[in-house]
Trainee: 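The structure's right below; bear with me while I get my questions together.
Both counts, for ligands and for their atoms, begin at 1 and track the order of listing.
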Amino acid sequence: MEERLKVLRSHLAPFPPGASQSGLVSQTTSAQPREGHADVARPVSVTYHARTGVNSREDYERLHRRSIQDPAGFWADFASDFHWERPWRRDHARWNFDRRCGRVETAFFEGGRTNIAYNCLDRHIASGRGRQPCFLWEGNDIGVDRRMTFEEVRDEVCRLANWLKSVGVRKGDAVAIYMPMVCELPIAMLACARLGAVHTVVFGGFSAESLAQRCADCRSKVVITASGGARATKVVPLKQITDKAVQLASKDGFQIETVLVLEHPSVPKRECPWRQGRDVWYQDVVPRQSSNCPVEWVNSEHPLFLLYTSGSTGKPKGVVHSTGGYMVAAAVTTRYVFDLQPGDVYWCTADCGWITGHSYLAYGPLLCGARSVIYEGVPSHPTPARCWQIVEKYKVRQFYTAPTLIRALEAHDDKFVLGSDRSSLAVLGTVGEPINPRAWNWFFEVVGEGRCPIVDTWWQTETGAAMITPLPGAWPCVPGSATLPFFGVAPVLLDDKGKELHGATEGILALKQAWPSAIRTVKGDHKRFEETYFATFPGYYFTGDGCRRDANGCYTITGRVDDVINVSGHRVGTAEVEAALASHGACTEAAVVGFDHDIKGQGIYAFVTLHDGHEFSDAIRKDLVKTVREQIGAFAAPDVIHWAPGLPKTRSGKIMRRILRKIAAKKDDELGDISTLADPSIVQGIIELRGK
Ligand code: WTA
């Protein structure tokens, strides 16, 4: 524990108030920041009338106060918008965040039975919205698109659910989904939910090793995939990767029995590798199923999905989310944060492989009856104008994305934005990492023409829904600040000893009260769940983020205080990258830290020592990067490999990452005290190898 707190101390205050966190120009991107948009965080008031009725800080405070004082009553009011086959108990909300008082747990809507797929689809159909579109799918290539209505999606969900049943999938079973961003991806999630099966979506950028590990961990015998995926001009051979994953899992003693393959035009049937008896074409079996599939009503606390995420240590954890609480929180946050009303055209650019794609592409918008744009490709394909062309084509009202995308598009000429009509835009949103004020100001002024509030939403895979976020029009936006806690959220700032800090200050962000979509457990390891989130500061949920609070009570997230790096808004655990590097035959040891990266927010910087007899060379460097790509995925590939004669360690053998972070940031004059190292001379040796 003491070690962990030391790590926290060394991470606190990574950048001064008001400053941009991106200082370095990366070594891997040609995009340079342009002059023009100020890197200052001045509050901005926008006149925006929210249809939710929350239009002032007073409106908000009234609701927030009630949500904290009477969570059971507050959330029950919202939950009654949904269909419950059996109502919840009056005292339905229960939690314990203190390990010293017994098992850590959270429950909402206890006693209630419902089904989220029913509430996403059938409920709207019953109220006469069945013929309205809910998915506006835009393919990778211009001119390829598809619209689906609530009824069409429900029918397809039922057909797929019937097929899943036919191969033995039952309530509680895990099903892995490894697909490109096509309509069938959220459909597969909903088909699982309809049966009470637990989906685990694996992002299409993950490698065979990662897919195998996840399938084995949750014992998913069925994988739903596609022949391939299209990303700009590249093809992702998803089926080929799945085949390798099946093989790897079986080597580890876990058998994946059935692979359902959607034929995707990027890899036609005849070119797709095939294993008779195990593989099944989606197009051959699903359309033949009945479009009638009775709903499996589940208890509110029944697990809805698993999503694997990286932490400070060890293998990725399977974060378990519940059904009822998650449903209500996903819907209520979508409605209030984006001011989303039924029929609105809403676009979230996230992939369903991440939590944002779960809560704000698949579930939230459907629960709210929105028309949701689903884009298969990459934002700059074929030109950096694509996003804004899509906004114009569908008349998008709410646009939700990640700072990394904003920075990438900002690096191009504004003409790419100005060429499309963006007058439909009303609310802009960001998520996944701190946004630097310059990118925020560009997003606000150029994309949003200075009229759209920006909701900078702070949350996590574990929180399931937005936690600290502006509500559009209710109070001024502050570039880079998530501002105020959402309903039901009780944030505190702690010092490194776990003492609550008050007033304007900076500390470690923790949450002291449960909210409906809180993580329920870690798949197969409740002890790890308790230790990861509730042991650092007993009685609090530990977020892993540093945070500042100003005199107005507004919160600004400053970045992770643990060994997690946020690369383009994707969470990467340094321990996982280190393990991948160390598995390479030439590598003795590796230490990975984050460094400021102009586009990605943070990049991955790896210090590597080699076994005797191996020379530092570009060939080994390439091979090391390849190893990480194979074991985790391309997004986790190190940006920099810095050869090291040895790693700076304390006498007890602990790597001093604080020093490595400074070296990575080229702040050699800020190394601080290195006299406690077992061999202080190593530091100079590492510095001398910079750029080699
Ligand atoms: C970071 C993504 C600053 C934070 C929904 C958190 C943010 C981690 C923001 C969770 C934000 C997310 N401002 N940082 N608005 N949103 N983060 O699990 O470090 O992929 O702990 O969930 O992203 O990442 P995850």
Trainee: Which protein non-hydrogen atom lies closest to atom 10 (C) of ligand 1, naming both residue and atom, and how far is it?
Mentor: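 Of the protein heavy atoms, Trp459 O, 3.5 Å lies nearest.
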Trainee: Minimum distance, heavy atoms only, to atom 16 (N) of ligand 1: which one of Gly432, Gly601, Ala465, Gly464 is it?
Mentor: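 Of the listed residues, Gly432 has the closest heavy atom.
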Trainee: For the aromatic rings, using the six-membered ring if either is Trp, is the centroid distance between Trp354 and Phe635 under 6.0 Å?
Mentor: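 Ring centres of Phe635 and Trp354 closer than 6.0 Å.
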Trainee: Salt bridge or not between Asp339 and Arg397? Use side-chain N to carboxylate O under 4.0 Å.
Mentor: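 Yes, charged N to carboxylate O under 4.0 Å.
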Trainee: Considering non-hydrogen atoms of the protein only, which is the closest contact for atom 21 (O) of ligand 1, and what is the distance?
Mentor: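 That would be Asp545 OD2, 2.5 Å.
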Trainee: Identify the closest protein heavy atom to atom 8 (C) of ligand 1: which residue and atom is it, and at what distance?
Mentor: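 Result for atom 8 (C) of ligand 1: Asn566 ND2, 3.9 Å.
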Trainee: When you check the gap from the basic side-chain N to the acidic O, do Asp562 and Arg560 get nearer than 4.0 Å?
Mentor: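 Here Asp562 pairs with Arg560 in a salt bridge, since their nearest N and O are under 4.0 Å apart.
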Trainee: Would you say Gln460 has any N or O atom under 3.5 Å from an N or O of ligand 1, going by distance alone?
Mentor: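 Min N/O separation from ligand 1 is below 3.5 Å for Gln460.
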Trainee: Looking at Tyr346 versus Tyr400, is the centre-to-centre ring distance below 6.0 Å?
Mentor: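 Tyr346 vs Tyr400: aromatic centres not under 6.0 Å.
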Trainee: Please confirm whether Trp458 comes under 4.0 Å of ligand 1, counting heavy atoms of the residue only.
Mentor: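 Flag set, Trp458 near ligand 1.
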Trainee: Distance under 4.0 Å to a non-hydrogen atom of Asp456: what atoms of ligand 1 satisfy this?
Mentor: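 Matching atoms, with element in brackets: 11 (C), 13 (N), 15 (N).
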Trainee: Could you note down all residue pairs passing salt bridge (Lys or Arg N to Asp or Glu O under 4.0 Å) where residues 452-473 supplies at least one of them, sequence neighbours left out?
Mentor: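 Residue pairs passing salt bridge (Lys or Arg N to Asp or Glu O under 4.0 Å), neighbours aside: Glu462-Arg571.
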Trainee: Check contact between Ala482 and ligand 1, using heavy atoms of the residue and a distance below 4.0 angstrom.
Mentor: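 Per 4.0 Å heavy-atom rule, Ala482 does not contact ligand 1.
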Trainee: Mind checking whether Phe487 and Phe78 have ring centres under 6.0 Å apart?
Mentor: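 Ring centroids of Phe487 and Phe78 are no less than 6.0 Å from each other.
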Trainee: Using heavy-atom distances only, which candidate in Thr461, Val564, Thr463 approaches atom 18 (O) of ligand 1 most closely?
Mentor: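 Minimum heavy-atom distance to atom 18 (O) of ligand 1 goes to Thr461.
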Trainee: Are Lys512 and Glu500 ion-paired here, with the side-chain N under 4.0 Å from a carboxylate O?
Mentor: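 So Lys512 pairs with Glu500 through a salt bridge.
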Trainee: Please report whether the ring centroid of Phe529 lies less than 6.0 Å from that of Phe534.
Mentor: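 Close enough - the centres of the two rings lie under 6.0 Å apart.
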Trainee: Looking at Thr457, which atoms of ligand 1 are within less than 4.0 Å of one of its heavy atoms?
Mentor: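 Selected atoms, number and element: 9 (C), 11 (C), 15 (N), 16 (N).
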Trainee: Could you work out, for atom 9 (C) of ligand 1, the closest of Arg571, Glu433, His570, Arg560 by heavy-atom distance?
Mentor: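 Nearest heavy atom to atom 9 (C) of ligand 1 lies in Glu433.
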